[in-house]
Number of protein chains: 2
Amino acid sequence: MALPLRERNRLAAAHHIIDTAIDLFDEHGYGQVTVEQIAAAAGVSPRTFYRYFGSKEGLFTTDPYAVIGADQIQPHIDLDDLPGTLRRIVAAVTDPPPEEVAVRAGPPWRGMHYVLQEPAVRAAVYAALDEGSRRFTDLLREKGMSATQARVTARAYWFGVYFGSLEQWHLDGRVRPLGDYIDQALAALQDLP
Amino acid sequence: MALPLRERNRLAAAHHIIDTAIDLFDEHGYGQVTVEQIAAAAGVSPRTFYRYFGSKEGLFTTDPYAVIGADQIQPHIDLDDLPGTLRRIVAAVTDPPPEEVAVRAGPPWRGMHYVLQEPAVRAAVYAALDEGSRRFTDLLREKGMSATQARVTARAYWFGVYFGSLEQWHLDGRVRPLGDYIDQALAALQDLP
DNA sequence: TGACTTCTTGACAGAGTCTGCCAAAACGGA
DNA sequence: TCCGTTTTGGCAGACTCTGTCAAGAAGTCA
């Protein structure tokens, strides 16, 4: 019971809205579902929906329900071991903390289909990735890395290894562990043409 | 006079709208300017604006006025020489073909400020980069590269080297040639931690 | 030049997104 | 139970974007 009750309620409500929304998306298609419909199905007002998520795409990018929020990567970063960093972040995605599982109906990647297929969602996710890679860059700079090296490194890991692996993992049906994809991608990064 | 009159008119009209829009943005701020105002100032109807650009952000991502359109990278790609590929693409950005210059009031990076600063524009640009990196990936695959290697390579070059350099170049005031940033970034890519 | 076809434009209506605002309701601690 | 704080709902309104259709401009051919 680490979180105050109010926050837990908020968390549960957010998860409920997300799950309701994805149910509707699965049934009617992302573009055919309006925020008004989601709100009605979830038993809240549209105004409340926007307070929670800011936009329809916000369903997929709002902390702590994002693919991975910028706030959440920070604790995993070890600049002396970037491959290990990537693997820890991945573990956080595939094995969410217990208190989240308790209120979540589906797995954290339930909405991944829409992240990959819907341009609007994809754009929102890229914005989140952008934010994450910026923080990553800043941390690398603080460690003494040059601006160019930090920028290229952060982006290569973030967009190339992380998001790329997440995408391919999903496209392949999530049969093999995500970690395998990360390992492959990390190896590929060492062997660029 | 390579292009038919209709297309030249269209091109000129698009450039005129873009320039008008950026004038307004510079004066009032991106968020304070509505499409209706842009259209009025450019002497077209809002409907026409949407036909040209699809959205307000489309001003920055619609071919051939995008930072770089997916269609335009293809001719520059030489899979046996990726650094050279990057440099040719950069040259296309900084040295636009004559027929474009003729109808363009400002330099091609006139709107770069908004690309970097406005979240909505940035998201749209990422969508365009995403599209570009996908095509890049496909081409690499056709050349026999493995799926993972192609994905990581395309993303590292596209998001890490290309967009990263473009961003830093602008942030530094575009004093040094963009090519220098590309060269630096390419070197950094060979020396990832 | 005049007619014919094709593409482009403007106007309008309407659905959907998102925000500011304020009063009502719910909550959680004392 | 009571009270201060937080959350919610409802409403008005601005803005974005799309479908549709008739009017206008551009290009073609005789």
Side-chain angles (χ1 to χ4, degrees), chain A residues 1-18 20-21 24-25 28-63 103 114 118-125 127, chain B residues 1-18 20-21 24-25 28-65 103 114 118-125 127:
Chain A
M1 219 160 281
L3 297 172
L5 178 56
R6 240 173 196 150
E7 259 180 79
R8 263 185 299 151
N9 285 343
R10 215 184 143 75
L11 213 66
H15 276 301
H16 175 239
I17 296 172
I18 291 173
T20 305
L24 289 173
F25 296 158
H28 302 106
Y30 182 81
Q32 317 309 315
V33 179
T34 68
V35 169
E36 198 176 342
Q37 292 173 314
I38 298 169
V44 298
S45 70
R47 193 67 189 80
T48 296
F49 177 96
Y50 283 110
R51 256 192 285 262
Y52 272 78
F53 302 106
S55 72
K56 196 173 161 189
E57 292 76 39
L59 282 168
F60 299 92
T61 58
T62 301
D63 289 336
V103 292
Y114 301 101
E118 290 296 329
V121 181
R122 206 175 166 97
V125 168
Chain B
M1 219 158 282
L3 297 171
L5 176 57
R6 242 172 196 153
E7 260 179 78
R8 261 185 301 151
N9 285 344
R10 216 183 143 74
L11 212 67
H15 277 300
H16 175 239
I17 296 172
I18 291 173
T20 305
L24 289 174
F25 296 158
H28 301 108
Y30 183 81
Q32 317 309 314
V33 179
T34 69
V35 169
E36 198 176 342
Q37 292 173 314
I38 298 169
V44 298
S45 71
R47 193 67 189 82
T48 296
F49 177 96
Y50 283 110
R51 256 191 285 262
Y52 271 78
F53 303 106
S55 70
K56 197 173 159 188
E57 292 76 40
L59 282 168
F60 299 93
T61 58
T62 301
D63 289 338
Y65 320 103
V103 291
Y114 301 101
E118 289 297 328
V121 180
R122 206 175 166 95
V125 168

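Chain letters run A, B, ... following the sequence lines, proteins first, then strands; residues in each count from 1.
- Of the candidates D:dT16, C:dG10, C:dC21, the closest approach to any side-chain atom of A:R51 belongs to C:dC21.
- Between the OH atom of A:Y50 and the C1' atom of D:dC15 there is a distance of 12 Å, given to the nearest Å.
- Applying the 4.0 Å criterion to OP1 and OP2 of D:dC15, one finds that B:T34 has every side-chain N and O outside that range.
- Considering only side-chain atoms of B:R47, the nucleotide from D:dG10, D:dT16, C:dG10 that sits closest is C:dG10.
- For A:A13 and B:G54, each mapped to the nucleotide of DNA chain D holding its nearest heavy atom, the one lying further toward the 5' end belongs to A:A13.
- One distance of note links CD of A:Q32 with CG of A:L24; it measures 12.0 Å at 0.5 Å rounding.
- Distance A:E57 CD to C:dT17 P: 9 Å, rounded to the nearest Å.
- Between A:I38 atom CD1 and C:dC18 atom C1' there is a gap of 14 Å when expressed in whole angstrom units.
- Among the heavy atoms of the strands lying under 4.0 Å from A:Y52 are primed sugar atoms or P, OP1, OP2 only; no base atom is included.
- Counting heavy atoms from C-beta on, the side chains of A:L59 and A:I17 come closer than 4.5 Å.
- Within the nucleic acid shown, A:N9 comes within 4.0 Å of sugar-phosphate atoms alone, with no base atom in reach, counting heavy atoms only.
- Remark: the backbone N or O of B:A120 is not paired with any side-chain donor or acceptor of B:Y30 at under 3.5 angstrom.
- Going from atom CD of A:E36 over to atom C1' of D:dC11 covers 13 Å, rounded to whole Å.
- Residue A:S55 places its side chain closer to C:dC18 than to any other of D:dT20, D:dT16, C:dC18.
- Computed from coordinates, the B:F53 CZ to D:dC15 P distance equals 20 Å when rounded to whole Å.
- When the C1' atom of D:dT16 is taken as reference, atom CG of B:L59 falls 13 Å away, rounded to whole Å.
- For the OP1/OP2 pair of C:dC7 and a distance below 4.0 Å, the side-chain nitrogens and oxygens of B:R10 include no atom meeting the criterion.
- Taking atom NE2 of residue B:H16 and atom P of nucleotide C:dT9, one finds them 14 Å apart after rounding to whole Å.
- By the 6.0 Å and 45° rule, B:R10 stacks over the aromatic ring of B:Y52.
- Whole-Å rounding puts the B:Q32 CD to D:dA14 C1' distance at 13 Å.
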**OP:** Start with the C-alpha gap between B:F60 and B:R122, add the side-chain angles, then the distance that decides, and say whether side-chain contact (heavy atoms from CB on, under 4.5 Å) holds.
**Re:** CA-CA 9 Å; B:F60 299 93; B:R122 206 175 166 95; over 6 Å; no

